[in-house]
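Order of the sequence lines sets the chain letters (A, B, ...), proteins ahead of strands, with each chain counted from 1. Just so you know, these numbers come straight off a predicted model, no measurement behind them.
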Number of protein chains: 2
Amino acid sequence: MKAIKMGVSTLSQQAITIAERIQRALDTLTRAERQLAQAILENYPASGLGPLSALAKDAGVSGPTVLRMVQKLGFKGYPDFQTELREELRDKVKNPISKHDTWTEGAPSGHVLNRFTDAVMENIRHSLAQIEPAAFDAACALIADPKRKIFIVGGRISHTIAEYLFLHMQVIRPDVIHVQSTSNTWPHYVLDMKEGDVVVVFDVRRYENNTLKLSELAHAKGAKIILLTDQWRSPVHALSDICFSSRIVVPSAWDSAVMPLLLVESMISAVQDILWTDTRDRMETLEAIFDQTKMFRKFT
Amino acid sequence: MKAIKMGVSTLSQQAITIAERIQRALDTLTRAERQLAQAILENYPASGLGPLSALAKDAGVSGPTVLRMVQKLGFKGYPDFQTELREELRDKVKNPISKHDTWTEGAPSGHVLNRFTDAVMENIRHSLAQIEPAAFDAACALIADPKRKIFIVGGRISHTIAEYLFLHMQVIRPDVIHVQSTSNTWPHYVLDMKEGDVVVVFDVRRYENNTLKLSELAHAKGAKIILLTDQWRSPVHALSDICFSSRIVVPSAWDSAVMPLLLVESMISAVQDILWTDTRDRMETLEAIFDQTKMFRKFT
DNA sequence: CAGCAGATGTACGATTCGTTACAGATACTT
DNA sequence: AAGTATCTGTAACGAATCGTACATCTGCTG
């Protein structure tokens, strides 16, 4: 029968977590402090529960910086900060609230963000399970081959993802061409195709006639066709040498491009690895040009 | 009868939590030590992460007892015990996702696809944890307001994602404008901005001067600014009314746009829900137009 | 009941940790 | 371009913590 002293313990906070407090104060923090804040949130709350010096080293800042930030957040000192972190952890474990069916805390599990993210995660899982690594590697090898020209083709919506691939490939290697199948000019590009060239085609639901025609002509010219499509597969797949299908269903009137984008980014990364020595030179040159145009900001 | 101990005990390093280790050792502990063990397990792991003296007082035992038990469990000292507790906590929060250690079967876990997907999943998890649902809802409400014009602005790479948002918004509601900050024509668009209009700005690493200038002018005109940026946050965030930051680090020389895209798609879905009756009409009209242009295939 | 062994707590010393003061560096202003 | 304000790290100080030695207590055994 120990004196139950709750009542006061309900004051156990304004229901605002320290993570949120950090998040909210981010604007008032300085550079080094933000760097530290990121490190804390990176693996929260574990890193904040260790010694001050360890946290400082992990974040790449110095001890006093840690202290200053902690005080800015309204704590008396580092020990005070740690105490509240532990309290928070204690409460969190105590509430057996169905955790991870919500991705963003503080939103009902039926919130768009949670429903949407659930679907996307499922899509990624399913899509990847169906992809043959050998096919992926083969596609990357084709794209990385400097002797082949690369044509990238997208449709009304998917051309945005196609352009994303194009913009990166353009930096990595020469002879990359972005073809707008929505425009009337695409036949001109087919003129330049020759046997062995590679055509990367994006075609998802509401498959477009232009895209199919372009693919047929390219196929006839002996070009290799790599197709990124959805789970129902565009008619282009009959002509394609390599085909990747992504699940794209989400709780929305439209389809998701997340999985195709993930594939594209993985490809970029893989191709860049293959061509790294060349790519590095091209990137340095590009940097120099950017410097001259003053297009980007120089600091952080 | 405390014979059995070594031999297998080397495996005690991995995959066995400290809680389990305590449970298992419960028999070999003395009365005061068991009392302490219960207190630790009572609210685990929070209580073990505080100072030794606090734990001792909480359990009703004295300092040295804590130390002796901890050493019995095989730790060098109390700090060592705490360090492993923190490691465990770190792994615990990391794991709910990466329980799949390979995503695509048949590829080594070191394959690009697996490494990349791991990183992306982590990004999604971290980013969403930092997003305030209220801010998201507020942003969607702004975009869904038919009385406000919507300007969508992207940079050299991010304009692809910006355009993705634009293409969908264009279907959902009128008065949506896509501004190319890479082009010289953007000042013309600023001319048309008026107080209450909404500017959706995409700005990730290699923050662009044009994007910042455009935002400053828009801000001066009294437009609401919704910013989608990375974890380091574009300088535009100082002007923004609502800011979403996504983790974008992947094993590649470039950054990932998956998380920003996920946010964009969620927004599209949410806005479409708000405006559904209007959207449906617009979509039907659009379908009719498409039919006449014969742009899409009629089947599947 | 006497004696002993293990268990437990108290008090002190050594060490690590958190904190403060100060100086160098950086960015911004006039 | 010089000056100023702010930020940031190094170094020393003081405080709290951990670990150890020792004394006390409890419970078991003969």
Side-chain angles (χ1 to χ4, degrees), chain A residues 18 22 25-40 46-86 294 296-300, chain B residues 1-3 5 18 22 25-40 46-86 207 209 212-213 216 232-235 237-239:
Chain A
I18 294 183
I22 294 176
L26 226 52
D27 292 324
T28 71
L29 298 180
T30 66
R31 180 190 57 77
E33 285 167 351
R34 264 199 303 276
Q35 190 175 325
L36 169 66
Q38 298 291 354
I40 294 178
S47 47
L49 291 165
L52 184 150
S53 56
L55 176 58
K57 206 177 99 198
D58 183 52
V61 300
S62 253
T65 301
V66 176
L67 192 62
R68 281 188 283 259
M69 193 203 74
V70 162
Q71 285 171 342
K72 258 189 197 171
L73 290 174
F75 300 98
K76 193 159 172 288
Y78 190 70
D80 185 35
F81 167 71
Q82 285 190 315
T83 305
E84 286 213 29
L85 258 186
R86 279 197 304 275
K294 295 208 174 76
F296 297 108
R297 295 173 67 83
K298 259 322 211 182
F299 63 99
T300 52
Chain B
M1 212 201 257
K2 46 181 61 175
K5 50 172 188 176
I18 294 182
I22 294 176
L26 222 54
D27 293 325
T28 72
L29 298 179
T30 67
R31 180 193 55 77
E33 284 167 354
R34 263 201 302 278
Q35 190 175 325
L36 168 65
Q38 300 293 354
I40 293 178
S47 47
L49 292 166
L52 186 148
S53 55
L55 175 58
K57 204 177 102 197
D58 183 53
V61 301
S62 251
T65 301
V66 176
L67 193 62
R68 280 189 283 262
M69 193 203 75
V70 161
Q71 286 169 343
K72 257 190 196 169
L73 291 173
F75 300 99
K76 193 162 174 287
Y78 190 70
D80 185 36
F81 167 71
Q82 285 190 318
T83 305
E84 286 213 27
L85 260 186
R86 278 197 304 274
Y207 310 118
N209 285 322
L212 180 58
K213 281 184 197 147
E216 280 166 353
W232 302 283
R233 303 204 301 182
S234 142
H237 92 268
L239 311 165

Would you say the side chain of [Y] lies within less than 4.5 Å of the side chain of [X], judging by non-hydrogen atoms?
X	Y	value
A:F81	A:I18	yes
A:Q71	A:D80	no
A:L26	B:R233	yes

Once you round it to whole Å, what is the distance between [atom2] of [N] and [atom1] of [X]?
X	N	atom1	atom2	answer
B:K57	C:dG9	NZ	C1'	17 Å
A:L29	D:dT6	CG	P	16 Å
B:F81	C:dT16	CZ	P	20 Å
B:R31	D:dC28	CZ	C1'	16 Å
A:R34	D:dC7	CZ	P	11 Å

Return a table of donor-acceptor pairs under 3.5 angstrom between the side chains of residues 49-69 of chain A and protein atoms on other chains or two or more places apart.
none

**Study point:** Nearest heavy atoms of A:I40 and A:S47, plus distance in Å
**Key:**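 Smallest interatomic distance, heavy atoms only, reads O-OG, 3.5 Å.
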
Exercise for review: Taking all heavy atoms of B:K72 and all of B:T28, pick out the closest pair and write down the distance.
Suggested key: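 For B:K72 and B:T28, the tightest heavy-atom pair comes out as NZ-O, 3.4 Å.
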
Check your understanding: Can you find a side chain N or O atom of A:T65 that sits less than 4.0 Å from OP1 or OP2 on D:dG9?
Key ->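 For A:T65, the contact criterion (side-chain N or O under 4.0 Å from OP1 or OP2 of D:dG9) is met.
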
Revision key, fill the gap. Whether each nucleotide of nucleotides 13-24 of chain D has a protein heavy atom under 4.0 Å at its base (B), only at its sugar-phosphate (S) or at neither (-) is summarised, 5' to 3', as -----SBB----

**Study point:** Nearest listed nucleotide, side chain of A:T30, among C:dT8, D:dG9, D:dC7
**Key:**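 That would be D:dC7.
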
